[in-house]
Amino acid sequence: CALPISSRWGIDYNQLTTKHLMLENTPLSCLFQRTINKDGDASTIDVSDFDIEGNMDGSFASSMRQIYDWSQPTWIHFTFPGGESGNPFSQFFQNFLQPYSGDQYASVTTSGQDLIGGSTFSQSLNP
């Protein structure tokens, strides 16, 4: 299978389609499926796998990527292919798809003392 010269990996080939595991084979699957550009392959840190037949769309990828920087132990950085909500009608259903596709990470504090303004929601758990 030779790729045309103008084809781009992760854009024209090897796109990732996210699927809802329980609703994938139902008429409701169209509410939950999203397709994004995805580079990487099984031998890269930005792991993904693809079907060599057809258009080589991705069949799976890492479900969550996290970075722990020990020079800043009160912060973690993460991204995942989806959103904060499982509700397909929520504005937060797919809000992490594009950052995931572009290898961008959200930063989250592990210490309540480091909270910064601009948060939409916050939750405190007190035993």
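On a predicted model such as this, the values are computed, not experimentally measured, just so you know. Keep in mind that the numbers below use all heavy atoms, side chains included, and drop hydrogens, waters and symmetry copies.
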- Go through the steps for D69 and S71 under the test side chain to side chain donor-acceptor pair (under 3.5 Å), then give the verdict. CA-CA 5 Å; D69 182 353; S71 69; 2.7 Å; yes
- When Ile, Leu, Val, Met, Phe, Trp and Tyr are grouped by side-chain heavy atoms lying under 4.5 Å apart, directly or through other members, which residues fall in the same group as I67? Y105
- Query: Is it true that a side-chain atom of T109 and a backbone atom of T74 form a donor plus acceptor pair closer than 3.5 Å?
  - Reply: yes
- Message: Distance check, rounded to the nearest 0.5 Å: F80 atom CZ versus R65 atom CZ?
- Response: 12.0 Å
- Task: Kindly indicate, with the supporting measurements, whether the criterion side chain to side chain contact (heavy atoms under 4.5 Å, CB included) is fulfilled by W75 and V108.
- Result: CA-CA 6 Å; W75 289 90; V108 178; 5.5 Å; no
- Query: Below 4.5 Å, heavy atoms only, C-beta onward: do Q104 and H77 meet side chain to side chain?
  - Reply: no
- Note on the structure: Output for pair (N87 CG, F92 CZ), nearest 0.5 Å, gives 11.5 Å
- Message: What's the separation between atom CD in E84 and atom CG in N95, rounded to the nearest 0.5 Å?
- Response: 4.5 Å
- Might you point out which heavy atoms bring P88 and L31 nearest each other, and give the distance in Å? CB-O, 3.5 Å
- Task: Specify the closest pair of heavy atoms between T79 and P99, including all atoms of both residues, with the distance to one decimal.
- Result: OG1-C, 4.0 Å
- Apply ring-ring contact (aromatic ring centres under 6.0 Å, His included) to Y68 and list each qualifying residue two or more places apart in sequence or on a separate chain. none
- Message: If I take atom CD from residue Q72 and atom OG from residue S107, how far apart are they, to the nearest 0.5 angstrom?
- Response: 8.0 Å
- Inter-residue atom distance Y100.OH - M64.CE, 0.5 Å rounding: 11.0 Å
- Sequence neighbours excluded, the answer for ring-ring contact (aromatic ring centres under 6.0 Å, His included) partners of F93 is F32
